[in-house]
Number of protein chains: 2
Amino acid sequence: MTDRSPAARKPIRTAITDEDGIDFAIIELFFFAYRDFTSDPDQILADYGFGRAHHRVLHFVNRRPGLTVAELLDVLKITKQSLARVLKQLIDTDHIVQLQGPRDRRQRELYPTARGRALALALARPQSRRIRAALEDSGTNERASIERFLEAMVNPELRAQIDIVPAKISGKSHGDH
Amino acid sequence: MTDRSPAARKPIRTAITDEDGIDFAIIELFFFAYRDFTSDPDQILADYGFGRAHHRVLHFVNRRPGLTVAELLDVLKITKQSLARVLKQLIDTDHIVQLQGPRDRRQRELYPTARGRALALALARPQSRRIRAALEDSGTNERASIERFLEAMVNPELRAQIDIVPAKISGKSHGDH
DNA sequence: AAATTGCGTCAATAGTACTGACATATTCCC
DNA sequence: GGGAATATGTCAGTACTATTGACGCAATTT
């Protein structure tokens, strides 16, 4: 089946373009943007012996204090076993604590400690700086359109995960500005 | 030094907000958007026994036909040894060919084959569809502002890597001659 | 009482990355 | 010409993140 003839190995010397209406420009920009976006916290995490997995857990536990292990697995889309090691390390280092669920005592509600909150903020700070700078650089007054675009990039079924977050929903939920 | 007292493990029950001016909304949206953005090609790659690493190599070899191994390593920011396995598989399956450099015969110029070109397109198609849909959904007529934002998110020193690409400006570049 | 659920853990495996070391061919430079 | 530097390939060892499968325990549900 596989064509091993020399012809099949002829090199194509022209660059792929936006033929077929494929948006390579944004595809590639998205790759580079995300690569650099995650590189900031990666540097900090290395000091703790943590990886990106720890960051994600820390982030969501801070964003939705009291979420259960099952809920966390659902958001991260990883397996229980993958989470286990990472979560254990974060608990052992007092970044996260588990509390028995009030209604269902089988559940473990996850909360950040002061230390976990501090680390989450430290990790988010350079990312936020980068975003702010990008919004200014690009002259994008329209922060809202960036937000809408990113949200529209998420699978519709999964958009629920986003809206769980407090801030966003009622446009201006008290608390900050 | 580590405070192991009970006080240090007190749970924080309030969600982290945009306190300190941290832009959690976009941080999180970026995470979800990229997660789903990469999930499309991941599905296709699985059929070939390939992973995300193969996708990246394939993409850049198609984008910049004739780039050398060293240049590819620089763009991907991985080590030679990491690239080796992936590249070997792509060559063995006739997705990519190596040609001896014309000026410097130590160099190996990398080119896609017809098959490699086809796979790159197949992988990009769903991503491009998602982008197109997101631009329409979000009513963002201003595709340019999304592009500017993403570009501004990239480390300035590394923006050169982006601009190497032909397409963008004179829609009809010939790659080489 | 029995079945189910939420969580934790053990064992085995895989994919992707890393560092270090070394071989080969080629080119550069004195 | 000959040595140094360069471009690539490869071998060995390690680490991290992820996977699946299986099992145990406690609590809840039926």
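In what follows, chains carry the letters A, B, and so on, assigned in the order in which the sequence lines appear, proteins first and then strands, with residues in each chain numbered from 1.
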Spacing of [X] atom [atom1] relative to [N] atom [atom2], expressed in whole Å:
X	N	atom1	atom2	result
B:Leu67	D:dT8	CG	C1'	15 Å
A:Leu99	C:dG6	CG	P	19 Å
A:Leu73	C:dT5	CG	P	16 Å
A:Leu83	D:dT20	CG	P	14 Å
A:Leu87	D:dT17	CG	C1'	15 Å
B:Lys88	D:dC11	NZ	C1'	13 Å
A:Ile96	C:dG8	CD1	C1'	16 Å
B:Asp74	D:dT8	CG	P	12 Å

Check: Hey, do the aromatic rings of A:His95 and A:Phe50 have their centres closer than 6.0 Å?
Finding: yes

Notebook entry, point to check: What about the rings of B:Phe32 and A:Phe60, do their centers lie closer together than 6.0 Å?
Noted result: yes

Are more than 12 heavy atoms, taken from residues, nucleotides or ligands other than [X], located less than 6.0 Å from that residue's [atom1] atom?
X	atom1	result
B:Lys88	NZ	no
A:Gln100	CD	yes
B:Arg132	CZ	no

Note to self: With a 4.5 Å cut-off on side-chain heavy atoms, are B:Arg143 and A:Ile26 touching?
What the structure shows: yes

Note to self: For a quick check of understanding: with a heavy-atom distance under 4.0 Å over all strands, which category does B:Glu71 fall into, base, sugar-phosphate or nothing?
What the structure shows: nothing

Margin query: Do A:Leu119 and A:Val97 land in one hydrophobic cluster if side-chain heavy atoms of ILVMFWY residues count as linked below 4.5 Å?
Written below: no

Distances under 3.5 Å between protein N/O atoms and the N/O atoms of nucleotides 15-17 of chain C, please, pair by pair.
unit_1 : atom_1 : unit_2  : atom_2 : d
C:dT16 : OP2    : B:Arg85 : NH1    : 2.9
C:dA17 : OP1    : B:Arg56 : NH2    : 2.6

Next item on the list: Can you check each nucleotide of nucleotides 22-30 of chain D against protein heavy atoms at under 4.0 Å and return B for base, S for sugar-phosphate only, - for none, in 5' to 3' order?
Entry: B---BBS--

Check: Counting only N and O atoms by type, is there a donor-acceptor contact under 3.5 Å from the side chain of A:Arg130 to the main-chain atoms of A:Asp36?
Finding: yes

Margin query: Assess whether a salt bridge exists between B:Arg129 and B:Asp40, defined as any Lys/Arg side-chain N lying under 4.0 Å from an Asp/Glu carboxylate O.
Written below: no

